[in-house]
Amino acid sequence: MNRFWVESIGRISKTDEENELSRILISGTGLFTPPDSVTNAELVVSLSAANETWNAKHRVEIERGDLEERDMPSEKFIERASGIGHRFLMDKEGVLDPTRLRPRLPLRGEDELSLQAEICIIAAQEALAQAGRQGSEVDAVIVGCSNLQRAYPAIAIEVQQALGAGGFAYDMNVACSSATFAIQNAVDALRGGSARCVLVLNPEITSGHNNFELREFHFIFGDACTAVVLESDENANHGESWEVLGTRLATQYSNNIRNDAGYLNRCEDGERDPFELVFRQNGRRVYKEVCPMVAEHIRVHLGEVGVSVESLKRLWLHQANLGMNRFISKKLLGREPRPDEAPVILDEYGNTSSAGSIIAFHLRRKGLSEGDHAVLCSFGAGYSIGSVILRKWAD
Ligand code: COA
């Protein structure tokens, strides 16, 4: 017997009993990795050349004390301070051109697929294949990411159409926590009965908001897109899947990570520093303030769902800084994490914003058995923290 019935357009109702019985599963994940691979050494060479030119051009102002000379970046610093060694970008040539220092992305026409929709579809296809689903079986698409390439129509609706999905679709932005916040929305939709199969997508073209002109920021980000399929177990195809035991979100206002790009910029009266319209942060303060909050957030969440810290087999953490992840894991576990317990992908991918923890989950989940517990956790601008506690449901 079909356990669902349509009450009105797009709304599926379940009895209270069915709500209690249904488990929400992650049944597939996907990843789009851009083809352009960029090392720290390449970024250092291009920014050094750009800084030399800038310093020469502003020699008089620098000597007068009106401007500060731009210091040279160093590979050693990047590796030591962040753990990032490499990243993938949508366009390497534009970023490494010292006279440009930003990706070159050809303008697309209105009848062409947008860039974010395109990378969403690639990641979605992998996730859907893993879940054993067709695009037409999806009835909610949520695109969550740090930056959307246009205000409207929603990228998610474009993806919905391209995949032949039904139901509804929308975009949302909670910066680096967009994936975990979107997963909670997906879980709520599945539990509440407004969807049966939800696709969460995180198209992070972070090279568009990164400041490649300043050494404090030029190495931080990488591009990627992730996809997650969520459905309830009575619908799932019972391949490899992960039960969502709980989601927990928290926010606390902070200006320590900020990007003022927005639709009101063109109306603003007054001068802005152009660097305010791209990513900027006080990294040291973020590091200090966010790490203890995250460790405590996960500890409380585990307690709420009745999972002990000792039984945790894996921590798929947001991938911004190696030291941060070590600190959080150590504080939570009460000891140094083993390398496979808190997998690191930021050495290869850089900070891919909301995609980071999902990439870690996608690439580093082998070796866990049915019944094993793990946590997926993101944190970033807002501040925002999102955790998803998972139990391996099926192999
Ligand atoms: N090469 C060489 N030197 C560099 C450099 C580079 N690429 N970038 C910065 N420096 C310099 C700074 O200018 C500063 O020099 P100064 O002492 O002469 O002023 C010095 O190195 C220390 O800079 P600081 O920014 O204090 O370094 P840090 O140890 O805090 O590391 C981050 C910087 C960004 C790696 C680190 O703070 C971080 O990752 N924080 C967390 C960020 C985060 O999670 N954000 C979430 C966003 S998603």
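Only heavy atoms go into these numbers, but all of them, side chains included; no hydrogens, no water, no symmetry mates. All ligand and atom numbering here is 1-based and tracks the order in the structure.
Not one N or O of His318 is nearer than 3.5 Å to an N or O of ligand 1, by distance alone. At least one N or O atom of Asn321, backbone or side chain, sits closer than 3.5 Å to an N or O atom of ligand 1. For Ser74, a nitrogen or oxygen atom sits less than 3.5 Å from a nitrogen or oxygen atom of ligand 1, counting backbone and side chain alike.
Remark: atom 21 (O) of ligand 1 lies closer than 4.0 Å to at least one protein heavy atom. For atom 31 (O) of ligand 1, a protein heavy-atom neighbour is found at a distance under 4.0 Å. Under the 4.0 Å distance rule, the nearest protein heavy atom to atom 1 (N) of ligand 1 falls inside the cut-off.
Partner of His218 under the side-chain contact (heavy atoms from CB on, under 4.5 Å) criterion, chosen from Asn40, Val95, Leu101, Val44: Val44.
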- request: Check step by step if ring pair (Phe, Tyr, Trp, His ring centres under 6.0 Å) holds for His318 and Phe379.
  value: CA-CA 6 Å; His318 175 48; Phe379 40 89; 5.0 Å; yes
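At the shortest separation from atom 12 (C) of ligand 1 among protein heavy atoms lies Arg215 NH2, 3.8 Å.
Using a 4.0 Å cut-off between a side-chain N of Lys or Arg and a carboxylate O of Asp or Glu, Lys392 and Asp395 qualify as a salt bridge.
Using a 3.5 Å distance cut-off with no hydrogens or angles, the side chains of Glu69 and His58 do not pair a donor with an acceptor.
With a 4.0 Å cut-off on non-hydrogen atoms, Ala81 touches ligand 1 through its backbone as well as its side chain.
Scanning Gly283, Ser146, Ala175 for the heavy atom closest to atom 40 (N) of ligand 1 points to Gly283. The closest heavy-atom contact to atom 29 (O) of ligand 1, among the options Met324, Arg284, Gln281, comes from Arg284.
Aromatic pair Phe279/His209: ring centres closer than 6.0 Å.
Using cut-offs of 30° and 60° on the angle between ring planes, the pair Phe88 and Tyr349 is tilted.
Both the sub-6.0 Å distance and the 45° axial angle are not jointly satisfied by Arg284 relative to the ring of Tyr287.
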